Protein chains: 2
Amino acid sequence: MATGMSRSKKSQQDQKIITVEPTQRNAAHTRARILGAAETEFADHGFDGVSVRQIALRADVPVALINYHFGSKEGLYRAIFEMRAPMIVDQRVAGLRLAEMEPERERKVEMIVKAVLVPNLHMRSTEKSSNYARILAREVSDPKSLERKVIEEYLDPIAYKVMDALQRAMPDRSIEEINWGYQAMLGVMVYTMADMGRISRLSGGRCDPEDEIATANHLVAIMKAALLHARVPTPIQDE
Amino acid sequence: MATGMSRSKKSQQDQKIITVEPTQRNAAHTRARILGAAETEFADHGFDGVSVRQIALRADVPVALINYHFGSKEGLYRAIFEMRAPMIVDQRVAGLRLAEMEPERERKVEMIVKAVLVPNLHMRSTEKSSNYARILAREVSDPKSLERKVIEEYLDPIAYKVMDALQRAMPDRSIEEINWGYQAMLGVMVYTMADMGRISRLSGGRCDPEDEIATANHLVAIMKAALLHARVPTPIQDE
DNA sequence: GCGATATTTGAACAAGTTGACAAGAGTTTT
DNA sequence: AAAACTCTTGTCAACTTGTTCAAATATCGC
């Protein structure tokens, strides 16, 4: 754990002799450090906005190590999702399980909304994983994500579960209403997660996504109201 | 206008003599063609995902022309916003003006929602400018947009106008509620505009952002309900 | 027609890109 | 201790990046 400021080799001359900590060997630790650096860089600049060199520089490892451990730049990118996605999926599933037990309709919908929003909003305000939140937000608006298939692979299953829960909570709604409701929820969440200060700027500092509690309160209220009270004018035509 | 398939110089041998249309000169036309190509490419791959050469190739002009006309890659990018932004801002302003005249509260909120959503949703389904919709969606989730200041410059003013209108329509709401409501509206809109098929995929084809009318009906209903019925549990603490 | 100006062109630039390699260093197994 | 293994390293070649340049060509005012 306490391996913070060793491996300062490039910054000093060629005094290979003194090596207080002789270039520690620990593949898992190295992988983790690269992943951490990659998360930060990808979040800040996007997949195409960073070079593996920048990531290697931040992780303080030679470039070649990235290809050794992750195969390619995209391999590294996918590894981030493999690491983080289960975390929030599990939290949502757990939240849905709780909602399932709630008998009262309004309360049930609110719990479903919370099950979806809260894990991500919490992640966004957690320093360690806030970067992943921004990567995720970017990924959904990136056409290349289709090629990468990373959203489809990791996030589609939980999406179906959420919509099933919504449908059971509100059986009177059409499939279209359920779907658009879910998409709206995602949109609000993703937009908030990706925010880089515009919300705070526009509100004169009154609204701050960093304030996890207040943000969750507002967004949950908004989406609960949206799901419970929205009816489309003409749900007639189907095909 | 009918300058489609001339300038085929590279694809053929060095028969400079025949030049049916001897390399037409028209700065405005050239600029427009570069802008069009850039819009498509930026929408598909993002600012960092495209090279100026790809854009030049699509526009079928030499690379150097891009720098000549737009100064730099970023200059070209900004030129897209300078061309498109006024278009949708004007539409929103007009919509707000109509809403202002409506006396009834619920109807007024609905008209404000429509004033915000409809211009963009329409743009998204218009082939010519659907690319700009995707660029816009990407820009709001790109941290570099802060450097570029393009959102702030072109879109913040209209945001304030919308929030003012909302506040006047619902004077009982707190500033936080108005702000989060507006942000939610934007989030839903942007997410839908940026969609690359996930909505259709998840809904089994039942929801399609290309279907402008149905999409607008659902999203307007959702945001109208959200704005009219959402109340935060604890709007007590302020500072 | 002539000259000034605006536009277009291909080539070149320096800087940075990715992925690959052989060789080295550390750890584990024999 | 020696061999086999995993992990690390600096360097390399091939290529792309955004931008600039001088020269060529077209357009317009006179």
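Order of the sequence lines fixes the chain letters, A, B, ..., with proteins taken first and strands second; residue numbering starts at 1 for each chain. Computed from a predicted structure; not experimentally measured.
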On the nucleotide D:dT6, are OP1 or OP2 found under 4.0 Å from the side-chain N or O atoms that A:H69 carries?
no
Can you name the nearest heavy-atom pair linking B:Y191 to A:Q183, along with the distance?
CE2-OE1, 3.2 Å
Compare side-chain N and O positions of A:Q54 against OP1 and OP2 of C:dT17 and report whether any pair is under 4.0 Å apart.
yes
Any chance you could lay out the salt bridge (Lys or Arg N to Asp or Glu O under 4.0 Å) test for A:E153 and A:R78, step after step, and finish with the verdict?
CA-CA 11 Å; A:E153 187 172 335; A:R78 295 185 65 89; 2.7 Å; yes
Between C:dT17 and A:S51, is there an OP1 or OP2 to side-chain N/O distance shorter than 4.0 Å?
yes
Atom CZ of B:R53 to atom P of C:dT9: distance rounded to whole Å?
15 Å
Distance, rounded to the nearest Å, where A:E74 contributes CD and C:dT17 contributes C1'
17 Å
Provide, to the nearest angstrom, the distance between the CG atom belonging to B:L57 and the P atom belonging to D:dT17.
11 Å
Closer than 4.0 angstrom, basic N to acidic O: yes or no for B:R198 and A:E152?
no
Below the 4.0 Å mark, does D:dC7 have OP1 or OP2 next to a side-chain nitrogen or oxygen of A:T30?
no
B:S72 side chain: which of C:dG19, D:dT19, C:dG10 is closest?
D:dT19
Among C:dG19, C:dT9, D:dT8, the nucleotide that comes nearest once only the side chain of A:Y68 is considered:
D:dT8
Crowding at NZ, B:K114 (>12 non-hydrogen neighbours, <6.0 Å)
no
Out of C:dT9, D:dG18, C:dG19, which has the shortest distance to the side chain of A:N67?
C:dG19
Starting from P on D:dT8, measure out to CG on A:D60 and report it in whole angstrom.
13 Å
Expressed as a whole number of angstroms, how long is the span from A:F47:CZ to C:dT17:C1'?
13 Å
Can you measure A:K73 atom NZ to C:dT17 atom P for me and round it to whole angstrom units?
9 Å
Calculate the interatomic distance between B:L65 atom CG and D:dT19 atom P; express it in whole Å.
14 Å
Looking at the side chain of B:V52, which of C:dT9, D:dG18, D:dT9 is the nearest nucleotide?
D:dG18
Does B:V63 or B:A27 map to a spot on DNA chain C nearer the 5' end, using the closest nucleotide for each?
B:A27
Out of D:dG18, D:dT8, C:dC21, which has the shortest distance to the side chain of A:A64?
C:dC21
Interatomic distance, B:N26 CG vs D:dC28 C1' [rounded to whole Å]:
14 Å
Is it true that A:E212 and A:R124 make a salt bridge, defined as a side-chain N closer than 4.0 Å to a carboxylate O?
no
